[in-house]
2 protein chains.
Amino acid sequence: MREASNRSNRRVVYETLRRKVLTLELPPGTSLSENELAASLGVSRTPVRESLILLGEEGLVRVFPKVGSFVSRVDAERVADAQFLREAVELAAFDDIPGTLDPELVAELRANLEQQREARLDLEKFFELDEAFHHGLLRLSGHGRAWSTVVAAKGHLDRARRLGLHETNGMGRFVDEHHSILDAVVAGDISSARDSLRAHLRAVFDDIEKTRQRSPELFATDDGSVPVRRSIAVWE
Amino acid sequence: MREASNRSNRRVVYETLRRKVLTLELPPGTSLSENELAASLGVSRTPVRESLILLGEEGLVRVFPKVGSFVSRVDAERVADAQFLREAVELAAFDDIPGTLDPELVAELRANLEQQREARLDLEKFFELDEAFHHGLLRLSGHGRAWSTVVAAKGHLDRARRLGLHETNGMGRFVDEHHSILDAVVAGDISSARDSLRAHLRAVFDDIEKTRQRSPELFATDDGSVPVRRSIAVWE
DNA sequence: TCGACGCTGCTTACATACAAGACCTGCCAC
DNA sequence: GTGGCAGGTCTTGTATGTAAGCAGCGTCGA
């Protein structure tokens, strides 16, 4: 197998699986057999297994020894944990925002918001821009590298959010909130920026809570029980 | 169904290696050959390799394809990132401390402080108690589960701290600071508790910075270069 | 009807074999 | 002496073989 890419097979498998789990293309409870995945992806079990272990550490997959691996349920506790973590980090970063902002970064954030406006009806595209925006906010204070930790911890939060947003009709409101945040930061009104950001993050979380009360079956406190084994065509 | 209770070989290898890296028993730059480790530990390459991959994701080990795996250098940037993260999380948790504390947990923290006093000259024992104390502070606000994320992110910070504390003569000062924090929390003075905690965490970080200026060779911005291969007896 | 038991097929965990690339070392030409 | 090349030996990456355990289901007995 000579793929000219310097990205290892494991990296590709890991990123592919992770994306499919986060986008709910692989819904919670889906069986992830090493053999099936390996056959589907045209690789051996080794890189698949290593990827499942990593996803297991991230909490996106549960591996039951000698039984099977499954996409983890959306755990309400983990969602709340991630919410707490991201709020703590993003708000704390605002305390370290310098007096004069990096103009290039500000321009990038403004351009991002324009694209958000255009993509407000395209869930996946919007999510991608939303991620870049919040990462950019962290970079304003020089704490951009902390984003990766937040990303690794908020898988359950992202899935819960997608569960809710599948039923909404547009992310225009979020774009407005993003604008308020950025405007306050640029105006140097950090206190106002903090309030706007907190309100924004809380609004997102409230949407999730509403979804949970409407459709509790989508959520579950992960009690360690093995999901019913289903024959799901994991790959097309 | 048991999942966590069954400690697999991989789990044991991972935890063993992680501990040795964090305690500097395996100092930065040490070569970690999969074959050597497997032979030393009496297992095959598989669990060793999987552990190295996990440690690589944590930033404690760098894996250079076809070249070798090495204990990562203590990266000043990662130390600062972890400091920012833990400070953000621990301080934010104080905002959610309930009016009436869990008396059992408070008793546990007080007992922990007693032990800290006794162990103030025993570096490793003190570290263990320190970890439990800060974890306990998070649990006071119901955010105990966020600690695991902090732990996973602060490997470089812990190593840097150990580098510094190897040269000090006792952790009595830290015990006093811990007392101040807990006393303020119990007294219901959250604002004062926040100040004390921030001062404590900053003091720890300042110690690290002092160490870095005294011994810059122990730190290094990890530029991706392969360390000089050394024949180190990794295991006794 | 219902419960116990064993077989069968699946799973992951671990071990091992093979592949491919990087580095070191020593030889050789000059 | 010195530069360059080749080969040997290390490394990790991947593939595959082996072991052990759980679950589901059919069978059998009461």
Side-chain angles (χ1 to χ4, degrees), chain A residues 1-17 29-57 60-72 224-234, chain B residues 1-17 29-57 60-72 224-234:
Chain A
M1 170 152 321
R2 35 181 343 190
E3 289 197 331
S5 164
N6 49 358
R7 282 150 49 109
S8 66
N9 270 348
R10 193 197 86 222
R11 211 72 216 170
V12 173
V13 171
Y14 167 75
E15 288 171 3
T16 304
L17 281 176
T30 305
S31 166
L32 296 176
S33 156
E34 291 178 5
N35 275 312
E36 286 182 24
L37 289 176
S40 302
L41 294 165
V43 298
S44 78
R45 279 166 30 225
T46 303
V48 171
R49 171 177 171 76
E50 290 168 353
S51 297
L52 289 179
I53 289 173
L54 287 175
L55 291 168
E57 287 294 311
L60 296 177
V61 164
R62 296 206 57 169
V63 178
F64 297 91
K66 322 282 182 148
V67 176
S69 301
F70 305 87
V71 178
S72 69
S225 64
V226 181
V228 179
R229 194 167 313 191
R230 295 180 276 166
S231 294
I232 290 186
V234 174
Chain B
M1 170 62 48
R2 352 188 8 186
E3 185 184 27
S5 55
N6 187 3
R7 283 162 63 86
S8 62
N9 262 348
R10 192 196 86 224
R11 213 75 216 167
V12 173
V13 171
Y14 167 75
E15 288 171 3
T16 305
L17 281 177
T30 305
S31 166
L32 297 176
S33 156
E34 292 178 4
N35 275 315
E36 284 183 26
L37 290 175
S40 302
L41 294 164
V43 297
S44 78
R45 272 184 58 209
T46 304
V48 170
R49 172 177 171 75
E50 290 167 353
S51 298
L52 289 180
I53 289 173
L54 288 175
L55 292 168
E57 289 294 311
L60 295 177
V61 165
R62 295 207 58 167
V63 179
F64 297 89
K66 321 280 184 158
V67 176
S69 301
F70 305 87
V71 178
S72 69
S225 63
V226 181
V228 178
R229 193 170 311 193
R230 294 180 278 166
S231 294
I232 291 186
V234 173

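Below, read A as the first sequence line, B as the second, and so on, with proteins coming before strands; counting in each chain starts at 1.
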Find the distance [X]:[atom1] to [N]:[atom2] and express it as a whole number of Å.
{"X": "A:Phe64", "N": "C:dA13", "atom1": "CZ", "atom2": "P", "result": "12 Å"}
{"X": "A:Phe70", "N": "D:dA23", "atom1": "CZ", "atom2": "C1'", "result": "11 Å"}
{"X": "A:Leu41", "N": "D:dA15", "atom1": "CG", "atom2": "C1'", "result": "15 Å"}
{"X": "B:Ile53", "N": "D:dG13", "atom1": "CD1", "atom2": "P", "result": "7 Å"}
{"X": "B:Arg10", "N": "C:dT12", "atom1": "CZ", "atom2": "C1'", "result": "11 Å"}
{"X": "B:Leu37", "N": "D:dT11", "atom1": "CG", "atom2": "C1'", "result": "13 Å"}
{"X": "A:Glu36", "N": "C:dC10", "atom1": "CD", "atom2": "P", "result": "10 Å"}

Can you tabulate the close N/O pairs, meaning under 3.5 Å, that link protein atoms to atoms of nucleotides 17-19 of chain C?
none

Practice problem: Calculate, to the nearest 0.5 Å, the distance between atoms CZ and CD belonging to A:Arg10 and A:Glu15 respectively. | Solution: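 Nearest 0.5 Å value for the CZ-CD distance: 10.0 Å.
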
Quiz item: So how far is it from B:Ser44 OG to B:Asn9 CG, rounded to the nearest 0.5 Å?
Solution: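 Going from the OG atom of B:Ser44 to the CG atom of B:Asn9 covers 8.0 Å.
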
Quiz item: Side chain of A:Glu34: nearest nucleotide among D:dT14, D:dG13, C:dA13?
Solution: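 Within the option list, the nearest is C:dA13.
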
Exercise. Among C:dC14, D:dT14, C:dT12, find the nucleotide with the atom closest to the side chain of A:Glu50.
Key: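 Nearest nucleotide to the side chain: D:dT14.
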
Under 4.0 Å between a side-chain N or O of [X] and OP1 or OP2 of [N]?
{"X": "B:Asn9", "N": "C:dA13", "value": "no"}
{"X": "A:Arg49", "N": "C:dA13", "value": "yes"}
{"X": "B:Ser69", "N": "D:dT12", "value": "yes"}
{"X": "B:Ser44", "N": "C:dA15", "value": "yes"}

Quiz item: Hey, are the side chains of A:Leu55 and A:Leu17 touching, using non-hydrogen atoms and a 4.5 Å cut-off?
Solution: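 Yes - at least one pair of side-chain heavy atoms lies under 4.5 Å apart.
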
Practice problem: Side-chain contact test, heavy atoms from C-beta onward, threshold under 4.5 Å: evaluate it for B:Leu60 versus B:Val71 and give yes or no. | Solution: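 Answer no - side chains too far apart.
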
Quiz item: Can you name the side chain to side chain contact (heavy atoms under 4.5 Å, CB included) partners of B:Val63, sequence neighbours left out?
Solution: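 With neighbours one apart ignored, the set is B:Val61, B:Ser69.
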
Quiz item: If you take all heavy atoms of A:Val13 and A:Pro47, which pair is closest and at what distance?
Solution: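 Looking at all heavy atoms of both residues, the shortest contact is CG1-O, 4.3 Å.
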
Self-check item: Pairwise 5' ranking along DNA chain D for B:Asn35 and A:Thr46, keeping only the more 5' one
Solution: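 Whichever sits nearer the 5' end wins; that is B:Asn35.
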
Quiz item: Does A:Arg49 have any side-chain hydrogen bond (donor to acceptor under 3.5 Å, both in side chains) partners at least two apart in sequence or in another chain, and if so, which?
Solution: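 Testing A:Arg49 for side-chain hydrogen bond (donor to acceptor under 3.5 Å, both in side chains), a comparison that skips the adjacent residues, returns A:Glu34, B:Glu50.
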
